[in-house]
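Reviewing the structure listed below.
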Protein chains: 2
Amino acid sequence: MLSSTATTELDPFSPRTLALLDRAAAFCTTRASRLTETRRLVLGLILESRKPAGAYDILDHLRQYQRNAAPPTVYRALDFLLAQGLIHRIERMSAFIGCAHRLDCHHGNGCGHRAQFLICSGCGAVSEVEDSEISHAITSASRKIGFKPQQSTIEIEGICASCQQADST
Amino acid sequence: MLSSTATTELDPFSPRTLALLDRAAAFCTTRASRLTETRRLVLGLILESRKPAGAYDILDHLRQYQRNAAPPTVYRALDFLLAQGLIHRIERMSAFIGCAHRLDCHHGNGCGHRAQFLICSGCGAVSEVEDSEISHAITSASRKIGFKPQQSTIEIEGICASCQQADST
DNA sequence: ATCTCAGTCGTTATAATATAACTAAAGGCG
DNA sequence: CGCCTTTAGTTATATTATAACGACTGAGAT
Ligand SMILES: [Zn+2]
Ligand SMILES: [Zn+2]
Ligand SMILES: [Zn+2]
Ligand SMILES: [Zn+2]
């Protein structure tokens, strides 16, 4: 599930991932939270994966760098990363992806967001979008019945643009 | 997790549930699918529960009526009921609820629908709604990036109306 | 009537995901 | 340093879900 583009034992990540990890480190500094080595490795492994990474996939890869890693090692790191908003959990897949918004956008760090996820059943890729129309519709539908929404899971399964092209050839 | 309003060993369900089971049986007849005794029991147990029922909760209760029920017994019944659209799986809870639309509405049986679920973090109740604004927003957001949506998981966690009242007293 | 095939179910074992509980080490701070 | 909080190691276990295989059942076909 995780791609294997590791270069060295000591610094396994691609330049892109390293840049994102630097952003994550800076972000954690501003929040006075600690991106420890284990947490950084877990985030890096998630960012390297082109598909959502399962906890035990992450564990397998983590063990290349920390021999004695165990399930709690990974789940604690995941809990931390979720709490910081650096990753998302995809419920339908029991798997985790990096937050595109937190690490990739140019709106500045720390702004909250309400994301939706488009899951391609062809290639398994998941893309994160932030559509205000969906968010508003959810808020308004909730209000209609007196429900006070706090957190949403929006996961849309279907076929991504590139898989549609691949099919039509 | 399941309420215990069973009346007799042989016919454990409330009048309301019995009526819904009758509808389910009629619905299955129209589709030439078989609502067997085990499947009927599992659906009944789900309908009796005021909260989403986990597979192993269902199993515990099912064993009162079928001593040798095992996990596959329940999961097979759940697979069938999901395929018929008689229940939904709530991903965030790994649990199952009856489909309000299929069994309760007056639009006639067999019409598909795109439901959303409001999960109360106070009382654990889940209500199913069908909001076209949300559905349209999802379709339109998907189209914007060339994604072809097929199936959505929309789960909104928050506080239901009655829990809000309870808090404010 | 019996054959056969698909669908259903019983049974056992195991896979996959996640957490509890306790101990030890590490880091911030007076 | 000594104290306290956070983080991590370790073992065991809980929770959710499926694989695999054989037996039974019931509806048509021969
Ligand atoms: Zn995000
Ligand atoms: Zn795709
Ligand atoms: Zn429904
Ligand atoms: Zn409530």
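In what follows, chains carry the letters A, B, and so on, assigned in the order in which the sequence lines appear, proteins first and then strands, with residues in each chain numbered from 1. Here the structure is a predicted model, which means the values were calculated and not measured. We use all heavy atoms of the structure for the numbers below, so side chains are in, but hydrogens, waters and symmetry mates are not.
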Please pick, from [options], the nucleotide with the shortest atom-to-atom distance to any side-chain atom of [X].
{"X": "R34(A)", "options": "dT7(D), dT11(C), dT19(C)", "value": "dT7(D)"}
{"X": "P72(A)", "options": "dA20(C), dT8(C), dA17(D)", "value": "dA20(C)"}
{"X": "T36(B)", "options": "dT18(D), dA8(D), dT8(C)", "value": "dT8(C)"}

Roughly, in whole Å, what's the span from [atom1] in [X] to [atom2] in [N]?
{"X": "L35(A)", "N": "dG27(C)", "atom1": "CG", "atom2": "C1'", "answer": "16 Å"}
{"X": "E37(B)", "N": "dT8(C)", "atom1": "CD", "atom2": "C1'", "answer": "14 Å"}
{"X": "D57(B)", "N": "dA17(D)", "atom1": "CG", "atom2": "P", "answer": "11 Å"}
{"X": "R92(A)", "N": "dT17(C)", "atom1": "CZ", "atom2": "C1'", "answer": "18 Å"}
{"X": "L78(A)", "N": "dT17(C)", "atom1": "CG", "atom2": "P", "answer": "12 Å"}
{"X": "I90(B)", "N": "dA17(D)", "atom1": "CD1", "atom2": "P", "answer": "13 Å"}
{"X": "L41(B)", "N": "dG10(C)", "atom1": "CG", "atom2": "P", "answer": "11 Å"}
{"X": "M93(B)", "N": "dT17(C)", "atom1": "CE", "atom2": "C1'", "answer": "17 Å"}

Worksheet item: Can a donor-acceptor pair under 3.5 Å be found between the side-chain atoms of R67(B) and the base atoms of dG10(C)?
Response: no

Discussion item. At less than 3.5 Å, do the side-chain atoms of Y56(B) and the base atoms of dA14(D) form a donor-acceptor pair?
Written reply: no

Contact under 4.0 Å: [X] side-chain N or O vs [N] OP1/OP2:
{"X": "R89(A)", "N": "dA18(C)", "result": "yes"}
{"X": "T38(B)", "N": "dT8(C)", "result": "no"}
{"X": "S94(A)", "N": "dA16(C)", "result": "no"}
{"X": "Y75(A)", "N": "dA18(C)", "result": "yes"}

Heavy-atom pair of closest approach, residues [X] and [Y]:
{"X": "I159(A)", "Y": "Q164(A)", "value": "O-NE2, 2.9 Å"}
{"X": "A77(B)", "Y": "V42(B)", "value": "CB-CG2, 3.7 Å"}
{"X": "S33(B)", "Y": "Q84(B)", "value": "OG-OE1, 3.1 Å"}

Fill in: C123(A) vs K51(A) side-chain heavy atoms within contact, under 4.5 Å
no

Item to complete: Would you mind reporting whether F96(A) and L82(A) have side-chain heavy atoms less than 4.5 Å apart?
Response: yes

Discussion item. For A70(A) and A55(B), find the nucleotide of DNA chain D closest to each by heavy atoms; which residue's nucleotide sits nearer the 5' end?
Written reply: A70(A)

Discussion item. Between R76(B) and F96(B), which residue's closest nucleotide on DNA chain D lies nearer the 5′ terminus?
Written reply: F96(B)

